[in-house]
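Shown next, in C-alpha cells, is the structure this report addresses.
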Amino acid sequence: MDITVKDLTHLYNPKTPFERIALKDINVQIKSGTFLSIIGHTGSGKSTFIQHINGLLKPAKGEITVGDVTIKAGEKNPKLTALRKKVGLVFQYPEHQLFEETVEKDICFGPMNFGAAEEEAKRKARDALDLVGLPESVLNRSPFDLSGGQMRRVAIAGVLAVEPEVIILDEPTAGLDPVGRREMLSLFMKLHKQKSLTTIMVTHSMDDAAFYSDEVMVMDKGRVVMKDKPEAVFSHIEKLQSLGLDVPETIKFLLQLDERCQVGIGTPVFSIPETAAKIMEMLGQGREKGARV
Amino acid sequence: MDKLIEVNELFFRYNEEDQWILKGVSLFVKQGEWLSIIGHNGSGKSTLAKCLNGLLLPEKGSVRVNHLDTRDESHIWDIRRQVGMVFQNPDNQFVGSTVRDDVAFGMENHGIPREEMLIRLDDALKQVQMEAFADREPHRLSGGQKQRVAIAGIIALKPSIIILDEATSMLDPEGRSEIIRTMRLLNKEHGVTVISITHDLEEAIYSDRIIVMNHGELLDQGSPRDIFKETKLLKDIGLDLPFTVKLRQELQKQGCPLSDRALFQEELVEELWTLRSKI
Ligand SMILES: Nc1ncnc2c1ncn2[C@@H]1O[C@H](COP(=O)(O)OP(=O)(O)O)[C@@H](O)[C@H]1O
Ligand SMILES: Nc1ncnc2c1ncn2[C@@H]1O[C@H](COP(=O)(O)OP(=O)(O)O)[C@@H](O)[C@H]1O
Ligand SMILES: [Mg+2]
Ligand SMILES: [Mg+2]
C-alpha cells in the first residue's frame, strides 16, 4: 500500500505557552511493499511521525495518503476507522497495553472493534497466534502469566488479527535479549514477505536498520534528513556522526581497517560474511599490487 | 586478593514446591573489579543478583558480603547499603518528587544525619553529572538521566558494590553510553566494584571477568578472552559472540590465516595489517 506524506507539520499543545513543533514540513513517499527503517535521536520525531500514518495524531498542516485514504489538516470527520484498519501500529513495549483476562479476548479485541463477529474474530485470533509462533494452548491463559517475550507476541498478534496492509513497529526489539531480538526480527521479515506488507520500523540499532531494510529514513529535530537505500545512507558517515548517530558495526570495523591500512571501504556492506569477503578481497589486492611493483 | 562477596553452593527457589532456580552456585567477587554476568533470559541472573544484596535469601548454601552472612538479620541493612542495585526499568525506581528528594530518601532511610546528607547529596549528583537537575521532577528526565539519578541514590550511601541489572537495556544508545561512562568513572576513580548483568557483549569484553549463567547454574567464568574462546560452548546454549570474534571466525572460514586471539576490533585490525604487509 503506497504512502504519501505531503508538507506534514505537527504541533504538540498548539496555541498554548507549551506549543512545540515536533514535525516540520515532511515530504516522504513510501512505495507499497517497502521495508523502511526510521532512525534518529530520541526526540527527533520518529514516534510522532508514525502515529500520523495510522491517524492517531492529526496534522497541523499538510496531508497523509495511505492507499485510497487521505487525511488532511483541518479536515472535519476524517476517515480514521478506514485508516486504522489498514495500518497496524505496534507501540514500544506493546505488552504494557495488554488488558483482557485471556489471550484470546485480547487478540479478538481489534477485529471485533472493526466489526468482526465473535466467531470470525476467534478464527482470526487463532491465525494471528500461529503467525507469531505461539501455540493455541495459550489462548485461554491470562496474558500476564506469560513470559515477557510471549506477551509481546500476543500484543503483536492483536495487531495482526486486524489483517493490516501496513505494519508499523516502534522499537520492537527494545529490552529483549539477543535470542529474542533475532526471533522478533525474523518474525517481522517473514510477515513482511508472506503477507506482502509495507513495514515501517523505528529502531536504535544501526545494524538492524542496515541489514533488514530496503530503505532507511533519518530524522533530526522533526525533519527528514535522508531517505535512501541503506548503502547510500550509511555512506554518509560524517553526516550521521554529526547528528549523533552511530554507523553499523561492519562499517565501524572497515573504517578502522582503512585508517590502519589505507584500503578504502568501498560500497558499504552489512553482514559478517560480506564484510569478511570484502576484507579478503582487500588482502588479495595488496598481493596483486605487490606483484606489479 | 580481597574477596568482597563469597557465594558458596547457593540453592534458591521462590516456592518450596517449585524447582530450584539457582542450583549450587559458587562464586566470588573481587574488590574493585568489573564483573559481567551473561546468560539468556530465565537463566537466573536477576535472582542471583537479589541474593547478593540480601533481597532474597539462600535456602541452602551461603552468601557473604564483606564476611557478613546475608541470613544474619542484624546485618541486613548494612549489606543492602553496601550492595546497591540499579534495575532495568528507569521508571519504576523513583519515590521523590524532585531529583534531590529522591536521592535524599535513601539516606533518610539509613539514618544519615542532615548535615552529612547535604554534603553527600551534592557529591553524588556531581559524580553522575546531574547537579544541574537537582530540582527537576524525576519522571520528566530522559531514560539515561533517570538511571543516573538512581545511581546517585546508591552512591550517596557509599556502597562497595553496584549491581546493574540490565540497567541500560531500555535506553537509547546515548543513554547507554552515559551510564557506562558514569560507571567506568566510579569503578576506576572511586574504586567501586561493579557487577553488570548485560546482553551487550561489546560492553562485556571490557570487563575484568565474566560469569556465564545457564539454567540456574554457573556454566563458566574467566577473563573475556578465555570466555570467548569457548565459542562452541556459548553457541550451544544459544548465546551470541562479540562482533570481532564472529568476523574473525568468518575470515578464518574464508581461508584467512588469523590466530584465535583477537577479541577487540583493534586487535583484528592489527593482525590484518601484519598479514597485509607480509603479502
Ligand atoms: N505528548 C507530547 N506532548 C508534548 N510534546 C511531545 C509529546 N510527545 C512528544 N513530544 C515532543 O515531540 C518531540 C518528538 O518526540 P517523539 O516523536 O516522541 O520523538 P522520538 O520518537 O524520535 O523519540 C520531542 O521533542 C518530544 O519531547
Ligand atoms: N518472583 C518470582 N516468582 C517465581 N518465579 C520467578 C520469580 N522471578 C523469577 N522467577 C523465575 O526464576 C527463573 C529465573 O529468573 P530470573 O532470575 O529473572 O532470570 P534472568 O534474570 O536470567 O532472566 C525464571 O524461570 C523465572 O520465571
Ligand atoms: Mg519514540
Ligand atoms: Mg533478569
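This is a predicted model, so every value here is computed, not measured.
Of the possible donor and acceptor atoms, none in the side chain of A:Glu171 sits under 3.5 Å from a partner among the backbone N and O of B:Asp172. At distances below 3.5 Å, not a single donor-acceptor pair connects side-chain atoms of A:Asp177 with backbone N or O atoms of B:His40.
Contacts between A:Ser147 and chain B at a heavy-atom distance below 4.5 Å are absent for every atom of the residue. Contact annotation for B:Glu174: only side-chain heavy atoms (C-beta onward) come within less than 4.5 Å of a heavy atom of chain A. Proximity to chain B is absent for every atom of A:Arg181, based on heavy atoms less than 4.5 angstrom apart. Heavy atoms of A:Asp246 lying under 4.5 Å from chain B are absent altogether.
The local environment of CD in B:Glu267 is crowded, with over 12 non-hydrogen atoms from other residues, nucleotides or ligands closer than 6.0 Å. Residue A:Phe18 qualifies as open at atom CZ: its count of foreign heavy atoms under 6.0 Å is 12 or below. Summarising the local packing, NZ of B:Lys246 is surrounded by more than 12 heavy atoms from other residues, nucleotides or ligands at distances under 6.0 Å. The environment of A:Lys239 atom NZ is sparse: at most 12 non-hydrogen atoms of other residues, nucleotides or ligands sit within 6.0 angstrom. Summarising the local packing, CZ of B:Arg184 is surrounded by more than 12 heavy atoms from other residues, nucleotides or ligands at distances under 6.0 Å.
Contact check for B:Leu272 versus A:Met282: no side-chain heavy atoms found under the 4.5 Å cut-off. With contacts defined as side-chain heavy-atom distances shorter than 4.5 Å, the pair B:Leu247/A:Ile279 qualifies. Contact annotation: the side chain of A:Thr250 approaches that of B:Phe243 to within less than 4.5 Å [non-hydrogen atoms, C-beta and beyond]. In this structure, A:Arg182 and B:Asp240 have side chains that are in contact, with non-hydrogen atoms separated by less than 4.5 Å.
Chosen from B:Gln265, B:Met170, B:Glu250, the residue pairing most often with chain A at heavy-atom distances under 4.5 Å is B:Gln265.
One finds the CZ atom of B:Phe264 at 12.0 Å from the CD atom of A:Gln256 (value rounded to the nearest 0.5 Å). In this structure, CD1 on A:Ile272 lies 10.5 Å from NZ on B:Lys253, to the nearest 0.5 angstrom. One finds the CD atom of A:Glu249 at 7.5 Å from the OG1 atom of B:Thr244 (value rounded to the nearest 0.5 Å).
Across A:Tyr93 and B:Ser169, no two heavy atoms sit closer than the pair OH-O, 4.4 Å. Nearest approach of B:Cys256 to A:Met280, heavy atoms of both residues: CB-SD, 3.6 Å.
The salt bridge (Lys or Arg N to Asp or Glu O under 4.0 Å) pairs that include a residue from residues 225-235 of chain A are A:Glu215-A:Lys227, where partners are two or more places apart or lie in different chains. Residue pairs meeting the salt bridge (Lys or Arg N to Asp or Glu O under 4.0 Å) criterion with at least one member in residues 254-263 of chain A, sequence neighbours excluded, are A:Arg260-B:Glu270.
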